[in-house]
Amino acid sequence: MFPLGQATRIVIHLVLQEKLQQAILTLMPGADVSSVLVRPCPEPKFGDYQTNALMGLAKRDQLNPRELAAQVVEQLNVADCCEPVEIAGPGFLNFRLKTEALSAALVSAANGEHLFYRATTEPRTIVIDYSSPNVAKPMHVGHIRSTILGYTLARTFRLLGHRVVTDNHIGDWGTQFGKLLVGWKDHLDRDALSQDALAEMERLYKLVNSASDKDGSVLTRARGELVKLQDGDTENLAIWHEMIDLSRHQFDEIYGRLGVEFDETLGESFYNARLKGVVDELIAQGIAEESDGAQVVFFNDHKSLKKHPAIVRKSDGAANYTTTDLATLEHRQDSWQPSEVIYVTDGRQQLHFQQLFELYNRWKPGHSMKLKHVWFGAILGEDGKPFKTRSGEIVRLSGLLDEAEQRAFDAVSEKNPDLPEEERHNIARVVGIGAIKYADLSGNRQSDYEFSWDNMLALVGNTAPYLLYAVTRIRSIFRKLGDESLTQPGSFALDQTEELTLAKHLLRFGLVLEQVIDECRPNYLCNYIYELAGYFASFYENCPVLQAEGDIRAQRLALCNLTGQVLKTGLETLGLETTERM
RNA sequence: GCCCUGGUAGCUCAACUGGAUAGAGCAACGGAUUUCUAAUCCGUAGGUUGUGGGUUCAAGUCCCGCCCAGGGUACCA
């Protein structure tokens, strides 16, 4: 029924899982086996993989779990890849891989047939919305999590064969432009603008903002400029376009440094023409109603939203971001028919997205999109308060990246002063930017995260430099090999514990990638490659590669090569480049 | 007030449908370098998972109460 085919070699745990489910269905026709999963054992002494699902099944049917387990084992034929299955504790099944099965998986990977993961046979289309900076404001440290997390998720989905549309929903419309237009017309410093456009625009905004706090007539004028812009005034539109161009130029510079890309950049203004129609439909369908002069949607049958109505048209007649987001969602549904739309923003917007999703479900009943808010915690300084510069300013992203590269440059120059300066600069770029990204991705996204140069650029521990160093050690071995041609081993003996542990860990790559997309948590991948780098380090210390001879040498070289490929693929999925030396 | 998060080792963080003895790193202490990059490895120590109950064969994880922290809470996004 399940021959030891290609699937077995790629992801053994899935084959075990499928066979287990079949065995259960034979015994208990009609049972729901969707929750029957095979997972890695928490402790190697129990085996390589386990399932705890039989205990749950036994409980539902009031059976003795160990007796059920015995019957299942009776039905289960996994002898081609496992030692005899053990029943343990209250009803766990423990699987221990045969070395020959492990060896077969490694051989096929070494032949380039796979890299321990299986692309999906049912590709889905997923829209991912991330980054979303505001025009006329410099990107700051608050944008980095959304940008990094969002693009990492996009790459992970793509690696597993899904179609992804990434969309940068930039803030290019809204009330701030009234003040910006006043500032532009009265106080613009062209020199400063050409030096650093976003800083100049930010200055203008702050200037007018504080002026309008003191002087009501300034605010009135700002509103007037905004109305003119919205009515299509030529001069204001031209200024607005210039502000957008200047901003996007600087965003692109940052995205270039971060290696982040988008398929679409449809800002808020793209949906302007649709906003009135959206509100009209909501009113016509009886979803929105008038309240204090605004058009409002109430969620009375919803516990957590009961006291939190959503405004879709302000009393001054203007739409707000809920309306824009509804139009955006409609556009995404119509354009790409995604099965999933993922928003990557900070946790403070949870209420907004609850409202949005609930509202969209009412507006477009029967749509089949899964709407997900993937939120993350704040970035804090080492004092535990929101991360700011010493003078209390928000930290700008460009300066942050500069400092990361500088610190990495100092480190590499100290460790390896003989490398050419140009190479040291490149290493510094890869390590510095990588360190920032990795520090951001390696924690649970929902935790607040404490920004610490020392922690992220530490040379040991779960950091980018440690992982990149592991890659350079592997590269170094292959450099020493020179022109010598590699012989692919026909099998792997895996006599040394370090070889065995490393090999088994390689096989778990696919499982981890699945977990990342299931829960939108790249830290699972970080943990995995950190463990992989650790197992490789032990292997490296204990198992000489180039000094070994014959089959052992070929096998160890292949293990190095496979580890290098998985590390590189994992790191690239996280958005990290790798280097030859460091 | 109400709603949403979170509270795990001195510090920063993990912990996979509830699963077996809660794991790493940093800091501390002890060891390893004729060697494929020591930006490394091995070891020691460190815990009543905020707190009190409950459900379960099994709870950091689920349910209820309380304490603490952060965020949100009608016309900013």
Side-chain angles (χ1 to χ4, degrees), chain A residues 34-37 39-43 45-46 50 52-53 55-56 58-59 65 88-92 94 132 134 171 174-176 268 291-296 303-316 318 320-322 324-325 345-352 354 375 377-378 380 382 384 411-412 414-416 431 442-444 446-450 452 454-455 458-463 465-466 468-470 472-481 511-512 514-515 518-519 521 523-524 526-527 530-531 534 537-538 540-548 556 560 581-582:
Chain A
S34 62
S35 62
V36 174
L37 303 179
R39 304 269 98 146
C41 280
E43 296 228 27
K45 70 174 183 189
F46 296 127
Q50 63 155 261
N52 57 39
M55 291 176 281
K59 180 166 218 164
F92 293 93
N94 289 331
S132 309
N134 288 316
T175 46
Q176 77 270 27
E268 292 170 350
S291 173
D292 289 345
Q295 285 297 329
V296 178
K303 187 193 166 209
S304 60
L305 293 180
K306 204 166 186 169
K307 294 193 169 172
H308 301 289
I311 290 178
V312 293
R313 179 190 287 159
K314 301 188 283 182
S315 52
D316 66 3
N320 68 358
Y321 74 138
T322 301
T324 311
D325 280 352
T345 84
D346 74 90
R348 288 175 305 186
Q349 296 191 44
Q350 285 177 85
L351 177 59
H352 166 66
Q354 273 186 43
W375 60 270
L380 306 177
E382 293 188 63
V412 69
E414 191 193 323
K415 292 283 176 193
N416 229 334
V431 173
S442 60
N444 181 332
Q446 291 180 333
S447 310
D448 288 346
Y449 131 66
E450 192 166 302
S452 157
D454 291 340
N455 288 349
L459 309 170
V460 288
N462 190 3
T463 62
Y466 176 80
L468 295 172
Y469 179 64
T472 63
R473 288 175 126 187
I474 296 173
R475 297 273 165 83
S476 175
I477 288 176
F478 286 95
R479 265 201 312 278
K480 287 243 155 57
L481 212 52
L511 177 63
V512 169
E514 299 286 346
Q515 286 175 335
D518 283 349
E519 294 184 49
R521 291 187 191 279
N523 63 309
Y524 293 156
C526 295
N527 291 343
Y530 175 57
E531 285 165 358
S538 295
Y540 184 89
E541 299 283 330
N542 293 291
C543 306
V545 178
L546 295 174
Q547 282 85 348
R556 288 182 178 169
C560 287
R581 275 181 275 264
M582 59 185 278

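By convention in this document, chain letters (A, B, ...) are assigned in the order of the sequence lines, proteins followed by strands, and residues within each chain are numbered from 1.
- For A/Asp292 (side chain) and A/Ala294 (main-chain N/O), no donor-acceptor pair under 3.5 Å exists by modelled atom type.
- You'll find a donor-acceptor pair under 3.5 Å spanning the side chain of A/Tyr321 and the base of B/rA77, going by distance alone.
- Counting non-hydrogen atoms under 4.0 angstrom, A/Leu351 reaches the backbone sugars and phosphates but no base.
- For the pair A/Asn462 (side chain) and A/Ser442 (backbone), a donor-acceptor distance under 3.5 Å is absent.
- When atom types are taken as modelled, the side chain of A/Arg521 and the backbone of A/Gln515 share no donor-acceptor pair closer than 3.5 angstrom.
- The side chain of A/Ala88 lies closest to B/rA20, out of B/rA20, B/rC36, B/rC3.
- Judged purely by atom type and a 3.5 angstrom limit, A/Asp448 uses its side chain to pair as donor or acceptor with the backbone of A/Ala378.
- Within the 4.0 angstrom heavy-atom criterion, only backbone atoms of the sugar-phosphate kind lie near A/Gly443; the bases stay farther away.
- Contact annotation: A/Asn523 side-chain N/O to B/rA15 OP1/OP2 distance is under 4.0 Å.
- Within the 4.0 angstrom heavy-atom criterion, no nucleotide atom of any strand lies near A/Asp518.
- Across all strands shown, the partner of B/rC29 is B/rG43, judged by Watson-Crick or G-U wobble contacts whose two distances both fall under 3.5 Å.
- Heavy-atom nearest nucleotides on RNA chain B were determined for A/Phe46 and for A/Met582, and the one closer to the 5' end corresponds to A/Phe46.
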